[in-house]
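Read through the structure below, which is laid out as structure tokens, and then see the notes.
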Number of protein chains: 2
Amino acid sequence: MAERPTTIYDVARAAGVAPSTVSRAFSRPGRVNAETAERIREVAAELGYRANPQARALSTRSTSMIAVLLADIANPVFAELVRGAEEAAAEAGYAMVLADTRESAGREREVLDKILPTVDGIVLASPRMSDTAVRQVAKVKPTVVLNREVGGLPSVVVDNPRGMRRAAEHLAALGHTQVTYLAGPEAAWPDGVRWRALRDARTDLGLTVRRVGPVPPTVNGGVRAAAAWATHPTSAVVAYNDMVAIGFMRGALAMGRRVPGDVSVIGFDNTQSAEIVTPGLTTVAAPQRELGARAVRHVLAFVGGARSTSTDPLVLPSKLVERASTGPYPAPS
Amino acid sequence: MAERPTTIYDVARAAGVAPSTVSRAFSRPGRVNAETAERIREVAAELGYRANPQARALSTRSTSMIAVLLADIANPVFAELVRGAEEAAAEAGYAMVLADTRESAGREREVLDKILPTVDGIVLASPRMSDTAVRQVAKVKPTVVLNREVGGLPSVVVDNPRGMRRAAEHLAALGHTQVTYLAGPEAAWPDGVRWRALRDARTDLGLTVRRVGPVPPTVNGGVRAAAAWATHPTSAVVAYNDMVAIGFMRGALAMGRRVPGDVSVIGFDNTQSAEIVTPGLTTVAAPQRELGARAVRHVLAFVGGARSTSTDPLVLPSKLVERASTGPYPAPS
DNA sequence: ACGCGAATGGCAATCGGTTGCCGCGTGTTG
DNA sequence: CAACACGCGGCAACCGATTGCCATTCGCGT
């Protein structure tokens, strides 16, 4: 521990050249004599030299890193997304670091202060901070926003309206006429979008919609939502996300309601849990991996100097995955 | 974008003082006249000055960041662990960054090269690289290893042997005499430990043990394990982790075996999935959050200059959580 | 009135790299 | 043989902050 790493100066001394030559031997191979370069590289290897990217960044203003800020790592939606992001970054020779901001705008700011100067670009996944705060960040470093639209800033989002529309159509086709929406955190941008999409689908699908919540986007939140729903039960519910949907199913079950016998349930995100839970959860899926990859490629384009790729949000399709948690409107028994 | 951030030089000029004074106004408040400091702070705020931690690190050799490297973010075990780590870091005024290494030793090295100089300490969670590579890292920066022991290096691990012992006892008490272990990746340190613990429990619990695998530590891996198990079925199975256990249950179910009627299943990790799956999965739980927090506090102690806190591994207890996936040895029918 | 030390601000070196520019030596060309 | 270009290495400034040391000023004791 604490052993000072070797620097270009160490290498330079050992190889009998100037530090600048060592630097060039690595950064622009053509610029220095092939033999000299070779010798330097040998010496460097021997000494275990590794360039300090931060020191380099001081003058070049470029680390080869990007950061992805997540509202909550424990949320399984992010698993695939991170994968996609990581792969896209690796492909471009960038390292990706992640920071969890625990659903808190304050924490986002703190982390950003520390991390911003160490990276070339930022992906804000489901940021909780204000639009102005986000714009502030975008002024300093190339930034792409995920799962949210912030006027004038590049963003990547899922086609939530269409997803919700599909969900509503599915329920309507099964004969349901009343749908309850189990709302997630108000700070979550997609929540409002999904709710509005459901309301918009109301008239031409002949649906009545209600809304309970907001509840935390967790299994327990779903259990609480079930209790709230029970005061005015409907034959169908759409939850903010899969975890809430699963919690709702547990809660409903505990109250003696059967799924989908008494109530049909639809979630959002198609997380792994949606598949393993019983009954299998019908849910609106989004290409999370693609989402992450696109976002990263998008920032990297900016980092690479793209002046203004269109700032229209890039919207990715979503689709309904039908499983066993939805069924026909219960026949009067 | 691309707007150069303001530096102490900008602030110094605007406030009519020397850069060094600006620096001191922030880093050692007593050292500079109260009024001057106040003025500087005002000017700085007005200009939106934020210190560049990397530049600072050049001379102080201390960013206020630590890194946690994970083998796989998609693995839900890490969710809680990250939480604990993040909280412990925040408590100490450190920011935590995460890197996913996709279960690859090579990727670990690459990421470390980039990230190492930007942080004060490292937590390696379930590293896949060789012991020597790990020691190499530890020579450069304070390092704590999680879920693995590397001779001479501080580490935090779960009491896997005891956990497995409890699982075996539980099965033995239910009358099972043959247990199959569904092995996870060989590069995963706990895999060997768990398997050995099961073998060790054999004789005095009167068990016969078998082993199938290795399989990937995923639901699909579990499905494959079920196929392998089916060639020599046993009445009880212990899986490398919950995902494998869940996959096994699906696979077994698909083959017409009932859980726990025909086969009892135990997982490891007590992830959220263990609770929501049907039947509820009996599993060996570890205090993941605590694990993460301890690891971080441990590195921070080293960062703070502790010369050699004992390098004995810190071992945290594990316990068996009984749910519905285990039952009595099937009566001959 | 003189001397001394505390308070306070500035100068300049340093951290580890990068890069513009200079200068030397060699090879090519007229 | 002179002129010129080019290849290649070194010097030194710079990125943004920190810090040891020095200089100035002021207050105070004697």
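Here is how names work: the chains are called A, B, and so on, in the same order as the sequence lines, proteins then strands, and each is numbered from 1. Note that these values count all heavy atoms, side chains included, but never hydrogens, waters or copies made by symmetry.
The CZ atom of B/Phe26 sits 15 Å away from the P atom of D/dT19 (whole-angstrom rounding). When rounded to the nearest whole Å, the span between CZ of A/Arg28 and P of D/dG7 equals 15 Å. In this structure, A/Lys114 atom NZ and D/dA17 atom C1' are separated by 16 Å, rounded to whole Å.
Contact annotation: B/Tyr49 side-chain N/O to D/dA17 OP1/OP2 distance is under 4.0 Å. Within the 4.0 Å cut-off from OP1 or OP2 of D/dT18, at least one side-chain nitrogen or oxygen of B/Arg56 is found.
Checked for salt-bridge contact, A/Glu110 and A/Arg107 meet the test: a charged N lies under 4.0 Å from a carboxylate O. A salt bridge links A/Arg83 with B/Asp100; the closest basic N to acidic carboxylate O contact falls under 4.0 Å.
On the nucleic acid side, DNA chain C contacts chain B at distances under 4.0 Å to non-hydrogen atoms, with the end points of that region at C/dT8 to C/dG16.
Over its length, the helix from C/dA1-D/dT30 to C/dG30-D/dC1 turns its helix axis by 50°, as judged from the five terminal pairs at each end, rounded to 10°.
You'll find a donor-acceptor pair under 3.5 Å spanning the side chain of B/Arg24 and the base of D/dG20, going by distance alone. Checked by distance alone, A/Thr36 brings no side-chain donor or acceptor within 3.5 Å of a matching partner on the base of D/dC8. In the interface, the side chain of A/Arg31 is paired with the base of D/dG9 through a donor and an acceptor atom under 3.5 Å apart.
The 5' end of DNA chain C is approached more closely, in terms of each residue's nearest nucleotide, by B/Asn33 than by the other of A/Leu58 and B/Asn33. Taking the nucleotide of DNA chain D with the nearest heavy atom to each of A/Gly30 and A/Ser20, the more 5' of the two is matched to A/Gly30.
Taking the side chain as every heavy atom from C-beta outward, A/Glu108 and A/Val137 never approach each other to under 4.5 Å. The closest side-chain heavy-atom distance from A/Phe78 to A/Gln288 is not below 4.5 Å. By the 4.5 Å heavy-atom criterion applied to side chains, A/Asn147 and A/Leu291 are counted as neighbours. Residues A/Val82 and A/Val68 are not in side-chain contact: their nearest non-hydrogen atoms beyond the backbone lie 4.5 Å or more apart.
Residue B/Glu46 places its CD atom among 12 or fewer non-hydrogen atoms of other residues, nucleotides or ligands, all under 6.0 Å distant.
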- Query: Does the pair A/Ser130 and A/Thr132 meet the rule for a side-chain hydrogen bond (donor to acceptor under 3.5 Å, both in side chains), with working shown?
  - Reply: CA-CA 5 Å; A/Ser130 69; A/Thr132 35; 3.1 Å; yes
